[in-house]
Protein chains: 2
Amino acid sequence: MVRDKKATKAKLLEAALTEFATYGIAGARVDRIASNAGCNKAMIYAYFGSKEDLFEEVLKIQIARVIEAVPITPDDLPGYAGRLFDTYERQPELLRLAGYHRLENGFEAISKAEGDMHVEKVAAIAEAQRSGRLPAEFEAEELLGLVVHMSILAFSTPVATRALVVKAVARLVGQRAEQRFAHRTEDQLRRSR
Amino acid sequence: MVRDKKATKAKLLEAALTEFATYGIAGARVDRIASNAGCNKAMIYAYFGSKEDLFEEVLKIQIARVIEAVPITPDDLPGYAGRLFDTYERQPELLRLAGYHRLENGFEAISKAEGDMHVEKVAAIAEAQRSGRLPAEFEAEELLGLVVHMSILAFSTPVATRALVVKAVARLVGQRAEQRFAHRTEDQLRRSR
DNA sequence: CGCTCCTAACTAACCGGTTGGTTGATTAGA
DNA sequence: TCTAATCAACCAACCGGTTAGTTAGGAGCG
């Protein structure tokens, strides 16, 4: 047996991710998380404080991962939506985590990191609108909301495909998906994993 | 004290709607439902079988209500999305219920009533496409999915408004919102309540 | 290098309250 | 009087969280 605080925390976070994504906050069981992590339950409370705190930590990490993995491209919003779609497809946990968070903790409860990035993204879109690269028909914040919402199409219909999301956003914002982003190369997929 | 099976079931269903919408399936407490309904907990098991069965019943009723309240209008998809938006705004419970159901019971688990109506709606859209009233750019099923998804925009962004949803769908399907549906009259609102 | 000691990581067992679900008795009303 | 609706009380399992005690392993020392 090794005594490694960092490794233990990591194992707990991974097990918690699976547990929370599967059962939600109310449905998650701390015993199951500890058991799947191969750790003692008390470590959860020593390292994270409470079940809810552990959830917040897991969510924060997942959100940061997506934000880092998929930077916004105001000149190619269809591609942006497509890449978000890819991420959600590859890591379905995030969408489920965020869904449970919205439902159980209310809508306005957004993590700090997400809020900061949101402002930046809105600014980037507004800038693209000012220079005419994006239609000014929608407010910048609305436009971002629409594009992000389209990327989670799979949340509401089983017929959601990447191509459909890209096409819909393209029609919405009057942009063609840029060639270099229209389809991800195998290399891009590998790097972002 | 009155002994009225029907009334008791109705009170339980109403309390259950609030409870499940607020806390989800795992988070809902049967004691609280019984208490808020002013009934004994045992009645839930006598009339509905189990907590899960009660949830299914509540969800079925809500879905049926929305389907009845908002018939599809293939010639005015923006208006259709707008009217769905109105319904969700007036009865936020449905959106929360459906959200929890999707997350906890998997994506393919759809109630019978919803499935039947879905086929009809797809057919109606396909017909409108054949006669050129809707663009054939999207498959009928995809188009329905997109429109319905847009109507739940409020699920993912706080800046969602009715006007935004209508405008977005209009751009998506290349239809203008028809005047008679663009804004609901007070009378229409009252009738659908 | 070998020994001790000390601390931080870890554990088993436990705790009080809660949970979904049951049951046998009670009672309203036909 | 008979039946179906209702209820209080109960139950075993489970839940999130705590605690008193155990142990691995590095620091300090000779």
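Quick note on labels: first sequence line is chain A, next is B, and so on, each numbered from 1.
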Between B/Thr87 and B/Arg65: side-chain donor-acceptor atoms closer than 3.5 Å:
no

For a quick test of your reading: what N or O donor-acceptor pairs under 3.5 Å do the side chains of residues 10-22 of chain B make, sequence neighbours left out?
{"unit_1": "B/Thr18", "atom_1": "OG1", "unit_2": "B/Glu14", "atom_2": "O", "d": "3.4"}
{"unit_1": "B/Glu19", "atom_1": "OE1", "unit_2": "B/Arg32", "atom_2": "NE", "d": "3.3"}
{"unit_1": "B/Glu19", "atom_1": "OE2", "unit_2": "B/Arg29", "atom_2": "N", "d": "3.0"}
{"unit_1": "B/Glu19", "atom_1": "OE2", "unit_2": "B/Arg32", "atom_2": "NE", "d": "2.8"}
{"unit_1": "B/Glu19", "atom_1": "OE2", "unit_2": "B/Arg32", "atom_2": "NH2", "d": "2.7"}
{"unit_1": "B/Thr22", "atom_1": "OG1", "unit_2": "B/Thr18", "atom_2": "O", "d": "2.6"}

In residues 52-59 of chain A, what residues come within less than 4.0 Å of DNA chain D, judged by heavy atoms?
none

What residues from residues 38-48 of chain B pass a heavy-atom cutoff of under 4.0 Å to DNA chain C?
B/Lys41, B/Ala42, B/Tyr45

Hey, are the side chains of B/Leu84 and B/Tyr88 touching, using non-hydrogen atoms and a 4.5 Å cut-off?
yes

Could you check how far CG of A/Asp4 sits from P of C/dC10, rounded to whole Å?
7 Å

In terms of side-chain heavy atoms, does A/Arg102 have a donor or acceptor partner in B/Ser156 at a distance below 3.5 Å?
no

For the residue pair A/Val148 and B/Thr157, establish whether any side-chain heavy-atom pair is separated by less than 4.5 Å.
no

NZ/NE/NH1/NH2 to OD/OE distance under 4.0 Å, B/Asp4 and B/Lys9:
no

Considering only heavy atoms, which members of residues 5-32 of chain A lie under 4.0 Å from some atom of DNA chain C?
A/Lys5, A/Thr8

Report the distance from atom CZ of B/Arg3 to atom C1' of D/dT6, rounded to the nearest whole Å.
5 Å

Sort and list the pairs that fulfil ring pair (Phe, Tyr, Trp, His ring centres under 6.0 Å) and have at least one residue in residues 156-176 of chain B, not counting sequence neighbours.
none

Suppose we screen for ring pair (Phe, Tyr, Trp, His ring centres under 6.0 Å). Which residues come up paired with B/Phe155, at least two apart in sequence or across chains?
A/Phe155

A/Lys41 meets the salt bridge (charged side-chain N to carboxylate O under 4.0 Å, His left out) criterion, sequence neighbours left out, with A/Asp31

Contact list for residues 123-147 of chain A, test side chain to side chain donor-acceptor pair (under 3.5 Å), sequence neighbours left out
A/Asp75-A/Arg133, A/His118-A/Glu141, A/Glu127-A/Arg130, A/Ser131-A/Arg133, A/Glu137-B/Arg171

Quick one: side-chain contact (heavy atoms from CB on, under 4.5 Å) partners of B/Ala168, sequence neighbours excluded?
A/Leu146, A/Leu172, B/Met150

Under 3.5 Å, which protein N or O atoms sit close to an N or O of nucleotides 3-5 of chain C? Give each pair with its distance.
none

Sequence neighbours left out, what passes side chain to side chain donor-acceptor pair (under 3.5 Å) with A/Asn105? Give chain and number order.
A/Glu56

Using the side-chain contact (heavy atoms from CB on, under 4.5 Å) criterion, which residues pair with B/Asn40? Sequence neighbours excluded.
B/Ala42, B/Met43

